[in-house]
Amino acid sequence: MGAFDWFWKAMGAQSERNDKKSKAIVDGSAAATADLAQLDDAAVANAARAAVAAGAIADKPAFLAALAVASQRTLGMAPHHVQSQAVLRLLEGDVIHMATGEGKTLVGAMAATGFALTGKRVHLVTVNNYLAGRDAEWMRPLVEFFGLSVDSVTEELDAKQRRQAYQADIVYAPVAELGFDVLRDNQITERSQAVQARADVALVDEADSVLVDEALVPLVLAGNRPGEAPTGQITAVVARLREGQDYVINDDGRAVSLTDEGARRVEQELGIDSLYSEENIGTILVKVNLALHARALLIRDIHYIVNEGKLSLIDASRGRVAQLQRWPDGLQAAVEAKEGLEVSEGGRILDTITLQELMRRYPLVCGMTGTAVEATDQLREFYGLRVSVIERNNPLQRVDEADRVYATIAEKNRAIVEEIERIHATGQPVLVGTHDVAESEELAAALHEREIAVNVLNAKNDAEEAGIIAQAGDLGRVTVSTQMAGRGTDIKLGGADGADHAEVIALGGLAVIGTSRYRTSRLDNQLRGRAGRQGDPGTSVFFISLEDDVVRQGGEDESLSARPDASGRVDSKRVRDFIAHCQRVTEGQLLEIHSQTWKYNQLLADQRIIIDERRANLLDSDQAWQELSQRAPARAAELRDAGLDEEVLERAARTIMLYHLDLAWADHLEVMDDVRESIHLRAIARETPIAEYHRIAVREFKHLAQDAVDKAVETFNTVRIDAEGAHLEDAGLSRPSATWTYMVSDNPLAGSGNSVLRGIGNIFR
Ligand code: ADP
Ligand code: MG
């Protein structure tokens with residue numbers, strides 16, 4: 001903690017006060033609950049409404065009591081006191097820290113109901129489509145009890161269904177869909193085409209994943225445009241390069257660069273003078289570097305899989321296929337070329353928004369997760385959010401064993417297999433958390449050799465993962481899973497029906513094994529949290545080797561001497577302290593990457609707000625017509641004389657203005673993207689890249705609005721306008737006929753993500 005001691009103390013005092021206050025309120029609600037339970041449904045719902053005054057919940061005990069009675073009647077669950085406390089903290093706008101299996105789904109629905117009763121529309125943000133649908137249906141009876149409406153938005157809904165769903169008081173939706181709808185709604189030319197309705201609150205489930213881990217993932221809306229030429233010849237040349245001689249990978253495995261020898265070889269084979277000449281540096285060198293990246297740093301089955309002739313990225317922090325994700329266009333094409341796949345069509349990026357930017361658009365954000373405390377710094381720095389710790393309903397019975405440390409990965413892996421075999425022989429269920437798909441498969445193969453049946457949960461059987469993880473507590477079951485696969489699914493001991501519950505409890509509950517520490521202790525704790533749910537017994541233990549990534553990266557500048565025993569074990573207090581230190585270093589690095597990247601994003605986020613306001617103004621008023629007729633009075637008079645309706649003219653003007661505004665914004669994003677990728681080239685002595693980036697962004701933006709209006713005037717003067725409106729297509733100015741959405745893998749926690757982007761940055765250094 002060190003320098004932050006004072007802060008933690010202050011935080012502690014704060015949450016204790018909150019705790020006392022909310023405990024008193026919840027105690028007060030118990031008596032009210034008994035009284036309300038005597039009344040009929042309508043009277044209970046009325047009591048909740050009566051507890052609301054002036055847009056806030058005035059009588060909290062009465063409100064909690066009504067929810068408790070309704071929950072019992074509609075869902076068969078009487079909320080625990082800790083759950084009611086959590087509801088109060090959410091209503092205050094905190095992120096609650098509440099362990100896995102403690103019933104956050106119910107808590108979220110109760111808090112959302114509270115917001116909705118005060119007239120606020122809530123988006124309940126989930127991490128995937130499955131959970132959005134499941135939770136909306138599960139919680140529907142509770143919400144409807146109060147005469148409120150609930151719906152979910154999932155990937156497969158069309159625009160009309162979405163529009164309908166967004167009207168509900170409480171909308172469950174995966175974060176990506178919420179963002180895609182924002183982007184699409186920023187392309188409309190009539191207000192009635194909008195899909196999303198205003199929301200006041202974002203209540204985020206798995207808040208640390210969405211708000212921290214994936215915060216910088218850009219959501220992208222692209223439109224069609226003929227593809228650019230693939231890099232066939234370059235790919236072939238790069239494929240022949242030799243590691244060590246022609247190129248070197250740096251220690252952290254995040255960047256690769258050509259050696260002088262390699263550069264010469266490429267120049268020779270491509271028949272060019274110099275890769276680094278003025279004319280080649282922005283074109284051929286970029287392509288060579290992308291191909292080299294694809295070749296040397298992106299490994300099949302770790303960073304991506306090839307399935308049915310198509311490339312799918314693996315989101316390493318979740319260890320699953322990221323269906324919607326692509327790398328930036330050039331890199332995507334380079335990997336496709338490397339795998340000999342058809343290079344997918346490039347498009348034009350119309351708009352993009354990061355999850356962090358998306359979440360900051362909500363007037364109020366609150367959230368829940370089992371690992372909020374560990375994300376306190378990020379939640380405060382990036383969102384101004386406080387963390388409230390909610391106690392467990394039943395005390396934790398899980399035993400977290402000390403790390404077992406080995407000198408080498410091979411010795412560690414042998415020990416893991418032996419430990420699984422030992423536990424499995426007793427019948428106790430084992431859940432193993434690995435780092436990536438390749439590791440899962442290797443482990444499964446080793447276990448098969450010992451005739452242990454394993455359920456492997458990973459990117460390749462994505463669809464079934466909720467079902468499989470639900471069985472992880474069965475007697476004698478061994479499940480191998482990448483981080484976070486199947487999250488949101490409750491693991492019940494002794495089978496879904498609980499038939500063998502007592503037996504599994506007697507065996508010690510679920511045994512969780514981690515195959516190495518993650519780069520943040522938060523992810524370690526998420527894995528541990530799978531065991532010991534709701535006061536069940538359970539164990540957790542991590543196996544570590546001094547060759548693990550975390551140790552290598554975090555301990556880069558330090559050396560540790562340790563004498564292994566016969567089995568290769570080296571753990572001592574000193575070694576464990578060293579490993580904890582390494583993890584703190586990698587955590588610090590992640591926070592630093594996040595801060596730095598956000599600095600690049602922030603200015604664009606601010607600029608977007610200005611564009612949004614302009615857009616809304618054009619959409620909702622006759623502003624476009626006013627401006628255009630002022631700038632081109634002769635043309636305006638001509639159109640009026642042609643007997644066109646005022647309404648037709650306003651619509652035509654709006655279409656023209658919006659077309660050019662959107663185009664200018666897309667151009668701006670493209671320019672800034674190029675600037676960002678090549679900033680190290682341009683950075684002038686003594687000017688930091690970020691300052692340079694800001695300077696360019698401000699300069700470019702200054703002219704954006706004016707240029708868009710100038711172009712609109714030009715179009716207004718020349719394009720055919722009749723009763724059907726402005727015929728932009730005549731002038732080759734139509735909007736893309738097809739659009740699609742995707743996420744760019746840019747996740748600092750994912751080896752495949754930010755490393756790639758950073759790596760591209762490194763090329764230029
Ligand atoms: P979390 O999201 O916190 O991990 P869930 O919302 O998935 O937990 O709930 C875990 C399990 O606990 C579910 O099976 C749910 O039905 C059950 N549960 C939650 N709250 C209660 C309650 N008050 N009484 C009984 N069962 C509950
Ligand atoms: Mg949950």
Side-chain angles (χ1 to χ4, degrees), residues 26 29-30 33 37 64-65 67-87 89-90 95-113 124-143 152 172 174-175 203-211 318 366-373 388-394 396 398 431 465-467 469-473 484-498 501 510 512 525-536 538:
V26 172
S29 76
T33 307
L64 289 176
L67 274 167
V69 173
S71 170
Q72 171 71 56
R73 285 188 195 166
T74 57
L75 305 173
M77 294 192 272
H80 305 128
H81 280 201
V82 284
Q83 286 178 305
S84 295
Q85 275 166 36
V87 170
R89 300 317 313 151
L90 284 174
V95 172
I96 55 162
H97 176 101
M98 196 173 183
T100 309
E102 290 289 295
K104 287 187 285 295
T105 317
L106 176 59
V107 166
M110 290 198 292
T113 303
L124 219 146
V125 184
T126 64
V127 290
N128 61 37
N129 288 290
Y130 164 74
L131 291 174
R134 182 199 75 176
D135 292 353
E137 290 322 305
W138 185 9
M139 295 295 133
R140 177 181 297 285
L142 174 68
V143 177
S152 60
Y172 283 80
V175 63
L203 198 167
V204 188
D205 195 7
E206 312 282 5
D208 57 333
S209 293
V210 173
L211 298 176
R318 288 194 261 168
C366 57
M368 44 195 195
T369 166
T371 43
V373 167
S388 274
V389 178
I390 307 296
E391 275 170 41
R392 289 169 189 268
N393 189 45
N394 292 306
L396 180 66
R398 186 184 70 224
L431 174 68
E465 70 180 24
I469 199 85
Q471 301 165 2
M484 296 308 287
R487 79 175 123 193
T489 309
D490 200 26
I491 303 180
K492 291 205 169 77
L493 297 184
D497 56 358
H501 188 72
L510 181 64
V512 162
N525 291 341
Q526 280 174 9
L527 178 62
R528 281 193 211 280
R530 290 297 199 161
R533 100 185 229 296
Q534 296 182 2
D536 285 342

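Computed from a predicted model, the values in this text were never measured in an experiment. Each ligand, and each atom within it, is numbered from 1 in the order the structure gives.
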The single option from Asp490, Asn394, Thr100 that satisfies side chain to side chain contact (heavy atoms under 4.5 Å, CB included) with Arg533 is Asp490

With heavy atoms and a 4.0 Å threshold, my read on which part of Lys104 contacts ligand 1 is both

Ranked by distance from atom 4 (O) of ligand 1, the top protein heavy atom is Gly101 N, 2.6 Å

When distances are taken from atom 8 (O) of ligand 1, the protein heavy atom at minimum range is Gly103 N, 3.2 Å

Problem - Ala78-ligand 1 polar pair, N/O distance under 3.5 Å - result: yes

Quick note on ligand 1: atoms under 4.0 Å from a heavy atom of Thr100 include exactly 4 (O)

In short, Val143 meets Thr113 closest at the heavy-atom pair CG2-OG1, 3.9 Å

Note: Gln83, heavy atoms under 4.0 Å from ligand 1, region reported as side chain

Residue, atom and distance of the protein heavy atom nearest atom 13 (C) of ligand 1 read Asp490 OD2, 3.5 Å

Atoms of ligand 1 under 4.0 Å from any heavy atom of Lys492, numbered from 1 in the order shown, are 14 (O)

Atom 22 (C) of ligand 1 has as its nearest protein heavy atom His80 CE1, 3.6 Å

Going by atom types only, do Thr371 and Asp208 share a side-chain donor-acceptor pair under 3.5 Å? yes

One should read off an interatomic distance between Ile469 CD1 and Ile491 CD1, to the nearest 0.5 angstrom, of 4.5 Å

* Check: Thr74 side chain, Ala70 main-chain N or O, donor-acceptor pair, under 3.5 Å -> yes

Here the pair of heavy atoms bringing Gly133 nearest to Ser152 is CA-OG, 4.0 Å

Ignoring hydrogens and geometry, is there a side-chain-to-backbone donor-acceptor pair from Gln83 to Leu106 under 3.5 Å?
no

Minimal heavy-atom distance between Ile390 and Ala86, with the atoms involved, is CD1-CA, 3.7 Å

Please check: side-chain N/O of Lys104 versus main-chain N/O of Ala99, any donor-acceptor pairing under 3.5 Å? yes

Ranked by distance from atom 7 (O) of ligand 1, the top protein heavy atom is Thr105 OG1, 3.7 Å

Quick check on Ala99 - does any of its heavy atoms sit under 4.0 Å from an atom of ligand 1?
yes

Nearest non-hydrogen contact to atom 21 (C) of ligand 1 from the set Arg533, Met77, Gln72 belongs to Met77

For atom 12 (O) of ligand 1, the closest protein heavy atom turns out to be Gln534 NE2, 2.9 Å

